[in-house]
**Student:** 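Have a look at this one before I ask anything.
All residue numbers refer to positions in the sequence shown, counting from 1. This one's a predicted model, so the numbers in the text were calculated from it and none came from an experiment.
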Amino acid sequence: TSHSYISNQVKATYPSLDTLSKDIGVVGLDAHFTDTRIAFHDILLFVPSLSRRPPFNRNPNGEIWINGSVHGKVRDLTLSDFSITGLGDIRFRGSGHITGLPDVNSSWFNLQIVHLHASEKDIRSFIPPGSIPGNIRLPSFVEAEGRFTGSLRSFDADLNLRSSFGDAQLNGTLKNITVKGKESYNATFSTKGFDLGRLIMKEDEIGHVSLNATVQGTGTELKTANATFKGEIVQAEYNSYNYQDIAFEGKAQHGEIEL
């Protein structure tokens with residue numbers, strides 16, 4: 001249409017137009033996209049039910065730009081040297097395998113991420129309301145590269161992260177992170193000049209922190225957490241003092257932290 005431009009080689013299969021309008025997951029794709037532009041308007045003509053899902057519900061007149069190869073059905077896709085922009089502020093480049101689309105919240109991802117950028121608004125639009133703990137403030141943007149396997153609720157990852165709060169590295173497994181009180185984690189992580197105080201809404205006490213640590217346990221709020229942790233504080237700002245080169249080990253249990 002006048003709203004979309006598709007190039008280079010695209011083959012799409014589907015049982016019938018009626019089936020397509022009810023379940024876009026059955027659409028088969030064998031495509032190599034080059035500077036392809038697809039308008040949300042055209043997608044919604046075929047699958048109007050998507051109008052209730054992000055990002056279509058936020059910007060029905062938007063458009064996405066795609067490059068790279070896509071093979072399989074929408075609900076079971078393989079991506080090669082793939083990039084996409086236009087889903088809000090999300091920018092993705094990488095390869096991998098995704099099952100469960102178009103329902104992002106129930107999808108399973110096995111991705112090698114070359115670059116991913118998302119804004120705070122993007123993150124909030126794709127996760128269930130109330131799943132972010134009340135004592136956590138999201139950064140205005142997050143960027144990532146590395147490996148991600150799992151869903152938006154539970155995953156195994158090895159990622160380099162950049163954000164408006166600072167840089168971090170994460171290697172580990174997190175489960176049920178959108179289910180309050182049932183979160184679990186077993187991870188190694190490090191930060192460099194990370195504004196921890198802004199993240200946990202304690203800017204009056206805590207400033208920028210650089211550390212290396214491992215943590216294992218359940219719960220993200222002190223009153224419900226049951227976790228062990230150890231590591232080294234390379235540098236930290238706390239109550240207007242600067243601390244350096246401090247090894248630590250301890251546990252959180254019954255609403256208390258023991259070091």
**Student:** Indicate whether the side chain of Ser119 and that of Asp122 have a donor and an acceptor atom separated by less than 3.5 Å.
**Tutor:** yes
**Student:** Without swapping roles, check the side chain of Arg153 against the backbone of Asn105 for a donor-acceptor pair under 3.5 Å.
**Tutor:** yes
**Student:** Got a second to check how far Asn135's CG is from Glu221's CD, nearest 0.5 Å?
**Tutor:** 5.5 Å
**Student:** Measure the acute angle between the ring planes of Phe148 and Phe109, then classify it against the limits of 30° and 60° as parallel, tilted or perpendicular.
**Tutor:** perpendicular
**Student:** A quick test of your reading: do over 12 heavy atoms of other residues, nucleotides or ligands sit less than 6.0 Å from CG of Asp81?
**Tutor:** no
**Student:** Within the 4.5 Å heavy-atom criterion, are Phe40 and Asn61 side-chain neighbours or not?
**Tutor:** no
**Student:** Starting from Ile84, can I reach Leu152 by hopping between I/L/V/M/F/W/Y residues whose side chains sit under 4.5 Å apart?
**Tutor:** yes
**Student:** Can any side-chain N or O of Thr191 pair as donor or acceptor with the backbone N or O of Ala168 at less than 3.5 Å?
**Tutor:** no
**Student:** Can you tell me if Asn67 uses its side chain to pair, donor with acceptor, with the backbone of Asp35 under 3.5 Å?
**Tutor:** yes
**Student:** If the threshold is 4.0 Å, N to carboxylate O, is there a salt bridge linking Asp156 and Arg147?
**Tutor:** yes
**Student:** Which pair of heavy atoms, one from Ala225 and one from Gly219, lies closest together, and at what distance?
**Tutor:** CB-O, 3.9 Å
**Student:** Are the side chains of Ile200 and Ile136 in contact, using a 4.5 Å heavy-atom criterion?
**Tutor:** yes
**Student:** With rounding to the nearest 0.5 Å, note down the distance linking CD1 in Ile123 to CD1 in Ile90.
**Tutor:** 8.5 Å
**Student:** Taking atom types as modelled, is there a side-chain donor on His115 or Glu145 under 3.5 Å from an acceptor on the other?
**Tutor:** no
**Student:** Please check if the side chain of Tyr238 supplies one atom and the backbone of Glu205 the other of a donor-acceptor pair under 3.5 Å.
**Tutor:** no
**Student:** Measure across Ala213 and Phe248 and return the closest heavy-atom pair with its distance rounded to 0.1 Å.
**Tutor:** CB-CZ, 4.0 Å
**Student:** Is there a path from Val209 to Ile246 through hydrophobic residues (I, L, V, M, F, W, Y) whose side chains come within less than 4.5 Å of each other?
**Tutor:** yes
**Student:** For residues Val234 and Leu211, determine if any side-chain heavy atom of one lies less than 4.5 Å from a side-chain heavy atom of the other.
**Tutor:** no
**Student:** Any idea which heavy atoms bring Thr218 and Ser184 closest together, and the distance?
**Tutor:** CG2-CB, 3.9 Å
**Student:** Sub-3.5 Å donor-acceptor pair from the side chain of Thr99 to the main-chain atoms of Asp76, do we have one?
**Tutor:** no
**Student:** Considering non-hydrogen atoms only, spot the tightest contact between Val74 and Leu101 and give its length.
**Tutor:** O-CB, 3.4 Å
**Student:** Which distance, rounded to the nearest 0.5 Å, do you find between the CD1 of Ile64 and the CD1 of Ile66?
**Tutor:** 4.0 Å
**Student:** Treat each ILVMFWY residue as a node, draw an edge where side-chain heavy atoms are under 4.5 Å apart, and state whether Leu159 and Leu138 are in one component.
**Tutor:** yes
**Student:** Leu199 versus Phe194: any side-chain heavy-atom pair under 4.5 Å?
**Tutor:** yes
**Student:** Are Trp65 and Ser83 side-chain neighbours, meaning at least one heavy-atom pair lies under 4.5 Å?
**Tutor:** no
**Student:** Can you name the closest pair of heavy atoms from Phe229 and Ala252 and give their distance?
**Tutor:** CE2-N, 3.9 Å
**Student:** What's the spacing between Arg93 CZ and Leu116 CG if we round to 0.5 Å?
**Tutor:** 11.5 Å
**Student:** Scan side-chain atoms only and decide if Glu237 and Asn242 contain a donor-acceptor pair under the 3.5 Å cut-off.
**Tutor:** no
**Student:** Over 60° means perpendicular and under 30° means parallel, so classify the ring planes of Phe82 and Phe92, tilted if in between.
**Tutor:** tilted
**Student:** Shared ILVMFWY cluster between Leu29 and Leu87, side chains joined below 4.5 angstrom?
**Tutor:** yes
**Student:** Going hydrophobic residue to hydrophobic residue with side-chain gaps under 4.5 angstrom, can you get from Phe155 over to Leu79?
**Tutor:** yes
**Student:** Supply the atom-to-atom distance Thr78 OG1 to Asp30 CG, rounded to the nearest 0.5 angstrom.
**Tutor:** 11.0 Å
**Student:** With rounding to the nearest 0.5 angstrom, report the OG1 to CD distance, Thr224 to Glu183.
**Tutor:** 6.5 Å
**Student:** Looking only at non-hydrogen atoms, find the nearest pair between Ile98 and Ser107 and report the distance.
**Tutor:** CG2-CB, 4.4 Å
**Student:** Do Gln169 and Ser190 have side-chain atoms, one donor and one acceptor, less than 3.5 Å apart?
**Tutor:** yes
